[in-house]
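Report on one structure; see the data block that follows.
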Amino acid sequence: MPQGQPSVVPDDGLTTRQRRNRALVVVHTGAGKGKSTAAFGLALRAWNQGWPIGVFQFVKSAKWRVGEERALRVLGDSGEGGSVVWNKMGEGWSWVQRDAQTDNEAKAREGWEQVKRDLAAETYRLYVLDEFAYPLHWGWIDTDEVVEVLRGRPGTQHVVITGRNAPGKLVDFADLVTDMSKVKHPMDAGQKGQRGIEW
């Protein structure tokens, strides 16, 4: 195991081992590419540790077949690492398709209720709440409630939240926050997404 030294040792009464194994809330936000990809990278590490993983996609279409889904499902079914359960909560790219907003809001709330039930039951060790920052940013789900639920979650459940415009209250609460900034993207020059890169 890497032996990095923290720059601060808090006076919290915890041993080094207790502090190391504390469950984290991780946020990947910003305008740059790679937020979900980074979260699925963490899921690969969790799978390797034998942890049960719950993926909840809040915006991407249930019809959209992303490469990470197939890979993690195959790994989850292999019997060699942790289990993987994949839940799709959205009906499409709802920031473009505003006419479907009401249905998407309801599905996002329904998805959050399922996450709350799973957290209470300690169903998974790692939760990937993919694109969950969007329903928070849009006000579909109350950020204060999310923070309180995450603060009170039992056990050692890690939660990773992705999406642009993560609310400040969530960012302040989270243990690890990465803001992916965009320097350049092929779409800026008119190139559409392509297989193997975007999905």
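Residue numbers run from 1 in the order of the sequence given.
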Only counting residues at least two apart or in another chain, list the ones meeting side chain to side chain contact (heavy atoms under 4.5 Å, CB included) with T123. D118, A121, Y127
State, with a plain yes or no, whether a side-chain heavy atom of [X] is found less than 4.5 Å away from one of [Y].
{"X": "K192", "Y": "P186", "value": "no"}
{"X": "V128", "Y": "L42", "value": "no"}
{"X": "E122", "Y": "T156", "value": "no"}

Identify the two heavy atoms, one from [X] and one from [Y], that lie closest to each other, and give their separation to 0.1 Å.
{"X": "G155", "Y": "A23", "result": "O-CB, 4.4 Å"}
{"X": "L126", "Y": "A43", "result": "CD2-CA, 3.5 Å"}
{"X": "P135", "Y": "A108", "result": "CB-CB, 4.1 Å"}
{"X": "V146", "Y": "I141", "result": "CG2-CG2, 3.7 Å"}

Side chains of W112 and E145: any donor to acceptor distance under 3.5 Å? yes
Mind running side chain to side chain contact (heavy atoms under 4.5 Å, CB included) on V115 and E113 for me, showing each step along the way? CA-CA 5 Å; V115 170; E113 291 302 318; over 6 Å; no
Any donor-acceptor pair under 3.5 Å from [X] side chain to [Y] backbone:
{"X": "S78", "Y": "L75", "result": "yes"}
{"X": "N87", "Y": "V55", "result": "yes"}
{"X": "T29", "Y": "A166", "result": "yes"}
{"X": "N165", "Y": "H137", "result": "no"}
{"X": "R109", "Y": "W140", "result": "yes"}
{"X": "R125", "Y": "A46", "result": "no"}
{"X": "Q157", "Y": "P154", "result": "yes"}
{"X": "T162", "Y": "E131", "result": "yes"}

Run the side chain to side chain contact (heavy atoms under 4.5 Å, CB included) check on V160 and L129 step by step: do they pass? CA-CA 6 Å; V160 184; L129 309 187; over 6 Å; no
Let's go through K88 and E69 carefully: what are the C-alpha distance in whole Å and the side-chain angles of both, what is the deciding distance for salt bridge (charged side-chain N to carboxylate O under 4.0 Å, His left out) to 0.1 Å, and is it a yes or a no? CA-CA 11 Å; K88 295 185 180 186; E69 177 185 356; 2.8 Å; yes
Value rounded to 0.5 Å, distance of [atom1] in [X] from [atom2] in [Y]:
{"X": "L136", "Y": "T143", "atom1": "CG", "atom2": "OG1", "value": "4.5 Å"}
{"X": "F132", "Y": "I161", "atom1": "CZ", "atom2": "CD1", "value": "6.0 Å"}
{"X": "L72", "Y": "I53", "atom1": "CG", "atom2": "CD1", "value": "6.0 Å"}
{"X": "M187", "Y": "K182", "atom1": "CE", "atom2": "NZ", "value": "10.0 Å"}

Assess whether salt bridge (charged side-chain N to carboxylate O under 4.0 Å, His left out) is satisfied between E148 and R151, documenting all intermediate values. CA-CA 5 Å; E148 286 311 304; R151 179 178 282 122; 2.5 Å; yes
If a pair satisfies salt bridge (Lys or Arg N to Asp or Glu O under 4.0 Å) and one of its residues is in residues 154-172, list it, with sequence neighbours excluded. D144-K169
Count the heavy atoms belonging to other residues, nucleotides or ligands that lie under 6.0 Å from [atom1] of [X], then report whether that count exceeds 12.
{"X": "R70", "atom1": "CZ", "value": "no"}
{"X": "R45", "atom1": "CZ", "value": "no"}
{"X": "R17", "atom1": "CZ", "value": "no"}

What I want to find out is whether D130 reaches K35 closely enough, with some N-O distance under 4.0 Å, to be called a salt bridge. no
What do the steps show when you test V26 against V159 for side chain to side chain contact (heavy atoms under 4.5 Å, CB included), and what is the final call? CA-CA 6 Å; V26 179; V159 179; over 6 Å; no
hydrophobic_cluster_shared for M180 and V177, side chain cutoff 4.5 Å: no
Between W86 and F40, is the ring centroid distance below 6.0 Å? yes
Give the C-alpha distance, both sets of side-chain angles, the deciding distance and a yes or no for side chain to side chain contact (heavy atoms under 4.5 Å, CB included) between V25 and H158. CA-CA 6 Å; V25 172; H158 301 278; over 6 Å; no
